[in-house]
There are 2 protein chains.
Amino acid sequence: MDIRPTNSELEILNVLWRRGPSSVREVHNILDKRRKTGYTTVLKLMQIMAEKGLVTRDEQNRAHVYSALPAESETQRNLVDDLVDRVFGGSAHKLALHALGSKKATPAELAELRKLLDDLEEQV
Amino acid sequence: MDIRPTNSELEILNVLWRRGPSSVREVHNILDKRRKTGYTTVLKLMQIMAEKGLVTRDEQNRAHVYSALPAESETQRNLVDDLVDRVFGGSAHKLALHALGSKKATPAELAELRKLLDDLEEQV
DNA sequence: AGATAACTACGAAAAGTTTCGTATAATGCA
DNA sequence: TGCATTATACGAAACTTTTCGTAGTTATCT
């Protein structure tokens with residue numbers, strides 16, 4: 001499946017990824033903190049996402065519960081690939097350099113990265 | 001400045017970054033190879049970009065010459081930040097992990113990353 | 001029960017992006 | 001000179017994305 005959510009859809013997916021299955025109200029509460037937004041705006045978006053198959057919806061109770069499809073990593077990969085192609089001329093490691101340079105990582109995160117580097121170098 | 005070009009604008013900026021100052025005709029020739037597109041479509045986009053301040057325009061000669069205004073690296077940073085926020089919940093190192101995992105890097109690139117890691121760890 | 005609050009459904013406006021046709025002016029060349 | 005080519009300007013259509021109001025339904029509370 002080719003999953004390329006819009007920006008607004010991504011914001012919602014992000015909440016679902018982090019919180020797990022959630023109602024519109026719960027998602028709205030979170031998004032509204034960052035940026036004032038109408039309840040029915042979020043509702044409508046989530047309805048559209050359900051139509052598109054970006055989320056599933058449990059209609060058991062009155063307040064429906066939405067879940068992100070189990071494709072988080074795939075979606076992320078698509079978006080990373082897009083960015084690499086469009087902005088970094090296909091060079092993934094340039095993106096990695098940028099990502100590290102822009103925000104400071106914790107020692108634990110650096111260690112994790114170092115481990116990945118070790119693995120990658122061994123493979124060769 | 002807050003620079004968040006649309007996809008079409010990015011394609012044009014990419015050409016300008018690579019070629020340097022160019023006429024609409026030159027940009028169109030390149031874009032048209034990858035994906036058939038009308039000349040006036042590209043013209044209009046570049047006119048809009050000039051209005052927005054994404055490019056400057058030299059009107060000396062009949063065929064105006066456009067130059068990318070935002071630095072490539074600055075734009076890259078903005079877009080990376082966006083992606084980190086919207087898709088990786090603010091965790092830059094997750095993006096880095098993804099970028100490395102998805103496409104294979106050369107040993108030289110891995111070495112470069114390792115060097116950056118060293119620097120970052122020293123700073124702490 | 002009756003009022004209030006919370007929910008979904010849905011149409012449609014508003015805003016943003018992309019595409020292109022037409023008008024018009026400047027240039028090149030037979 | 002006159003015709004074909006190559007430019008820009010610009011309006012507007014075609015799409016996509018985002019926002020929100022309104023209507024109607026279900027639950028909750030006094």
Side-chain angles (χ1 to χ4, degrees), chain A residues 2-16 21-67 75 78-79 82-83 86-87, chain B residues 2-16 21-67 70 75 78-79 82-83 85-87:
Chain A
D2 187 29
I3 302 168
R4 227 134 255 180
T6 68
N7 282 0
S8 295
E9 288 169 349
L10 259 185
E11 286 180 353
I12 289 170
L13 281 180
N14 219 336
V15 173
L16 295 181
S22 310
S23 67
V24 174
R25 175 68 53 189
E26 292 165 328
V27 172
H28 173 256
N29 280 343
I30 290 177
L31 295 185
D32 194 50
K33 278 182 207 154
R34 277 193 287 175
R35 187 167 52 86
K36 280 293 169 225
T37 179
Y39 175 84
T40 57
T41 300
V42 177
L43 169 66
K44 178 70 167 184
L45 276 172
M46 292 176 77
Q47 286 171 342
I48 291 174
M49 290 169 76
E51 272 177 27
K52 287 189 187 175
L54 251 51
V55 296
T56 56
R57 170 161 85 162
D58 178 356
E59 306 183 0
Q60 281 301 102
N61 303 305
R62 183 159 82 105
H64 300 172
V65 174
Y66 293 77
S67 310
T75 302
N78 284 339
L79 294 167
D82 263 13
L83 192 68
R86 290 207 322 272
V87 187
Chain B
D2 188 29
I3 302 165
R4 231 128 253 180
T6 67
N7 282 359
S8 295
E9 288 169 349
L10 254 188
E11 286 181 354
I12 289 171
L13 283 179
N14 254 325
V15 173
L16 295 181
S22 310
S23 67
V24 174
R25 174 68 55 190
E26 292 166 326
V27 172
H28 173 257
N29 280 342
I30 290 177
L31 294 184
D32 194 50
K33 279 181 206 156
R34 279 191 285 175
R35 187 167 53 85
K36 279 291 168 227
T37 180
Y39 174 83
T40 55
T41 301
V42 177
L43 169 67
K44 179 70 167 183
L45 276 173
M46 293 175 77
Q47 285 171 342
I48 291 174
M49 290 169 76
E51 272 177 27
K52 287 190 188 174
L54 251 51
V55 296
T56 57
R57 172 161 85 161
D58 177 356
E59 307 183 359
Q60 281 301 101
N61 303 305
R62 185 159 83 105
H64 300 172
V65 174
Y66 292 76
S67 309
T75 306
N78 284 336
L79 293 170
D82 263 13
L83 192 68
D85 281 348
R86 289 206 319 272
V87 184

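Lettering follows sequence order; numbering is per chain, from 1. Since the model is a prediction, treat every value here as computed from it, not as a measurement.
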* Check the side chains of Asn14(A) and Arg86(B) for a donor-acceptor pair under 3.5 angstrom, ignoring hydrogens and angles. => no
* **Note: Arg34(A)-Glu11(A) ion pair, threshold 4.0 Å (strictly below)** => no
* Output yes when at least one side-chain N/O atom of Arg4(B) is less than 4.0 Å from OP1 or OP2 of dT17(C), else no. => no
* Check whether any side-chain N or O of Arg35(B) sits under 4.0 Å from OP1 or OP2 of dT18(C), and answer yes or no. => no
* In whole angstrom, give the distance that lies between atom CZ of Arg25(A) and atom P of dT8(C). => 9 Å
* Asked: If you round to the nearest 0.5 Å, how far is OG1 of Thr37(B) from CD1 of Ile30(B)?
  -> 13.5 Å
* Can a side chain N or O of Ser8(A) be found less than 4.0 Å away from OP1 or OP2 on dT18(D)? -> yes
* To do: Side chain of Leu45(A) only, please: which of dT18(C), dT19(D), dT17(D) is the nearest?
  => dT19(D)
* Structure fact -> So OH of Tyr39(A) and CG of Asp32(A): to nearest 0.5 Å the spacing works out to 12.0 Å
* **Integer-rounded Å distance: dT17(C) C1' and Leu10(B) CG** => 13 Å
* Asked: Taking only side-chain nitrogens and oxygens of Thr37(B), does any of them come within less than 4.0 Å of OP1 or OP2 of dT18(C)?
  -> no
* To do: Kindly compute the distance separating CG (Leu54(A)) from CG (Leu13(A)), expressed to the nearest 0.5 Å.
  => 5.5 Å
* Asked: Roughly how many Å is it from NE2 in His28(B) to P in dT6(D), rounded to a whole number?
  -> 13 Å
* **Whole-Å gap separating C1' (dA9(D)) and CZ (Arg62(B))** => 13 Å
* Asked: NA contact type, Thr6(A), heavy-atom cut-off 4.0 Å: base, sugar-phosphate, or nothing?
  -> sugar-phosphate
* CD of Glu26(A) versus P of dA6(C): gap in Å, rounded? -> 14 Å
* Asked: For the pair made of CG in Asn61(B) and C1' in dT6(D), what is the distance, rounded to whole Å?
  -> 14 Å
* With DNA chain D as reference, determine whether Thr40(A) or Val65(B) sits nearer its 5' end, using the nearest nucleotide of each. => Val65(B)
* To do: Figure out the NZ/P separation between Lys44(A) and dT8(C), and round it to whole Å.
  => 13 Å
* Verify the contact: side-chain N or O of Tyr39(B) to OP1 or OP2 of dT8(D), cut-off strictly under 4.0 Å; return yes or no. => yes
* Asked: Rounded to whole angstroms, how far apart are CE on Met46(A) and P on dT18(D)?
  -> 15 Å
